[in-house]
Amino acid sequence: MNWKKWVHITKLDPDRQLDRDAIETVATSGTDALMLSGTLDVTPEKLAVLYDCVRDYNLPIVVEPAEPGGARFDGMDLVFVPSVLNASHPRWIVGQHQRWIRDYPIDWSRVVPEAYIVLNPASSVARVTGSDCTLQPADVAAYASVAERYFRFPVVYIEYSGTYGDPAVVQAVSEVVSDARLFYGGGINSAERAAEMSGYADTIIVGNAVYEAGIEALTATVRAVR
Ligand SMILES: CC(C)=CCC/C(C)=C/CC/C(C)=C/CC/C(C)=C/COP(=O)(O)OP(=O)(O)O
Ligand SMILES: O=P(O)(O)OC[C@@H](O)CO
Ligand SMILES: [Mg+2]
């Protein structure tokens, strides 16, 4: 599974509904992978329902758990696990991970750690993790270097979930990150935004647009990076 070549990931929220036609369009849009992920109210049952809807398409399917019990390996190509470096409590950086490793079986060959920097204060993930969203571009870039140079994370993820981020921030990060893959997600709902952020990030993630901007918006974001 060569996830380091992916340039476009579609994030589907197990806590939100999507009809079969929309799932078909997403799965055949040219996106590189489906990431099953959400912050609030994601249960194993809801994840299983969504997984059953997408499993038969010839597309990589990965899960991104919000807590240890959400790290499902069965049927998944990869499990992307966030550590939120600018969170206000260590449980979101290493605490949850220590309990996960203590209490659950793990197939490390399928685990991809993600160094998240969460920057939209209005998002669920920012509220849940108490992330410091007041960071300036140089502060964010320094966190990105901590992730890549000090902790050797394979992914640096700039997360503006729910709103379109500041390109200057993503540019500042792109200037310091060289080995890790630079992921950007947040508010991408058009070809223009997809093109702008993929000018700095290696991989863009599109989520809310699938549910709120219509499926054509999703396919436009794929065309912009293909
Ligand atoms: C250790 C393991 C296996 C799991 C815990 C992993 C950690 C620390 C997660 C904390 C960050 C988090 C809650 C991630 C969930 C995935 C994510 C970033 C979802 C994006 O948030 P949205 O659900 O889109 O936010 P909105 O609902 O506001 O749109
Ligand atoms: O939902 P949006 O705003 O597209 O963000 C995508 C992803 O970064 C959310 O974790
Ligand atoms: Mg959500």
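First listed ligand is number 1; within each ligand, the first listed atom is number 1. Sequential numbering from 1 along the given sequence is applied to the chain's residues.
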Drop me the distance from T25's OG1 to I215's CD1, to the nearest 0.5 angstrom.
->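 T25 atom OG1 to I215 atom CD1 measures 5.5 Å (nearest 0.5 Å).
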Between atom CG of L119 and atom SG of C133, what is the distance when rounded to the nearest 0.5 Å?
->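 The SG atom of C133 is 6.0 Å from CG of L119, to the nearest 0.5 Å.
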Show which atoms of ligand 1 fall inside a sub-4.0 Å distance from at least one heavy-atom site of [X].
{"X": "S123", "result": "28 (O)"}
{"X": "S37", "result": "16 (C), 17 (C), 19 (C)"}
{"X": "V81", "result": "1 (C), 2 (C), 3 (C)"}
{"X": "H97", "result": "1 (C), 8 (C)"}
{"X": "E67", "result": "4 (C), 5 (C)"}
{"X": "E64", "result": "16 (C), 17 (C)"}

Student check: side-chain heavy atoms of [X] and [Y] closer than 4.5 Å:
{"X": "I106", "Y": "I101", "answer": "yes"}
{"X": "I117", "Y": "Y157", "answer": "no"}
{"X": "Y104", "Y": "R99", "answer": "no"}

Would you say ligand 1 has an N or O under 3.5 Å from any N or O of S124?
-> yes
Would E216 and R223 count as a salt bridge (Lys or Arg N to Asp or Glu O under 4.0 Å) if you check the C-alpha gap in whole Å, the side-chain angles of each, and the deciding distance to 0.1 Å?
-> CA-CA 11 Å; E216 336 46 70; R223 281 197 303 272; over 6 Å; no
Give a yes/no verdict on whether any heavy atom in [X] is under 4.0 Å from an atom of ligand 1.
{"X": "Y116", "value": "yes"}
{"X": "V84", "value": "yes"}
{"X": "V128", "value": "no"}

Side chain, backbone, both or neither: which part of W100 has a heavy atom under 4.0 Å from ligand 1?
-> side chain
For ligand 1, indicate whether the residue E159 contacts it via side chain, backbone, both or neither (heavy-atom separation under 4.0 Å).
-> side chain
Can you name the side chain to side chain donor-acceptor pair (under 3.5 Å) partners of K46, sequence neighbours left out?
-> D15
Quick one: do D179 and K4 make a salt bridge, cutoff under 4.0 Å?
->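 Judged by the 4.0 Å cut-off on N to carboxylate O distance, D179 and K4 do not form a salt bridge.
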Salt bridge present between E148 and R181 (N-O < 4.0 angstrom) = no
Do the rings of Y160 and Y184 sit parallel, tilted or perpendicular, given the 30° and 60° boundaries?
-> tilted
Run the numbers on R127 and N120 for side-chain hydrogen bond (donor to acceptor under 3.5 Å, both in side chains), then give the verdict.
-> CA-CA 9 Å; R127 283 197 304 273; N120 174 11; over 6 Å; no
Heavy-atom nearest option to atom 5 (C) of ligand 1, drawn from A66, S161, G38, S131 =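 Answer by nearest heavy atom: A66.
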Look at atom 7 (C) of ligand 1 and find which of G95, P82, G162 reaches it with the closest heavy atom.
->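 Nearest heavy atom to atom 7 (C) of ligand 1 lies in P82.
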Could you pull out all residues at least two apart from S88 that satisfy side chain to side chain contact (heavy atoms under 4.5 Å, CB included)?
-> none
For ligand 2, what are the residues with a heavy-atom contact below 4.0 Å?
-> K11, Y157, E159, S161, G162, G185, G186, G187, I205, V206, G207, N208
Enumerate donor-acceptor pairs with a distance under 3.5 Å from any side-chain N or O in residues 71-84 to protein atoms, sequence neighbours excluded.
{"unit_1": "R72", "atom_1": "NE", "unit_2": "D74", "atom_2": "O", "d": "2.8"}
{"unit_1": "R72", "atom_1": "NH2", "unit_2": "D74", "atom_2": "O", "d": "3.3"}
{"unit_1": "D77", "atom_1": "OD2", "unit_2": "I61", "atom_2": "N", "d": "2.8"}
{"unit_1": "S83", "atom_1": "OG", "unit_2": "I93", "atom_2": "O", "d": "2.8"}
{"unit_1": "S83", "atom_1": "OG", "unit_2": "H97", "atom_2": "NE2", "d": "3.2"}

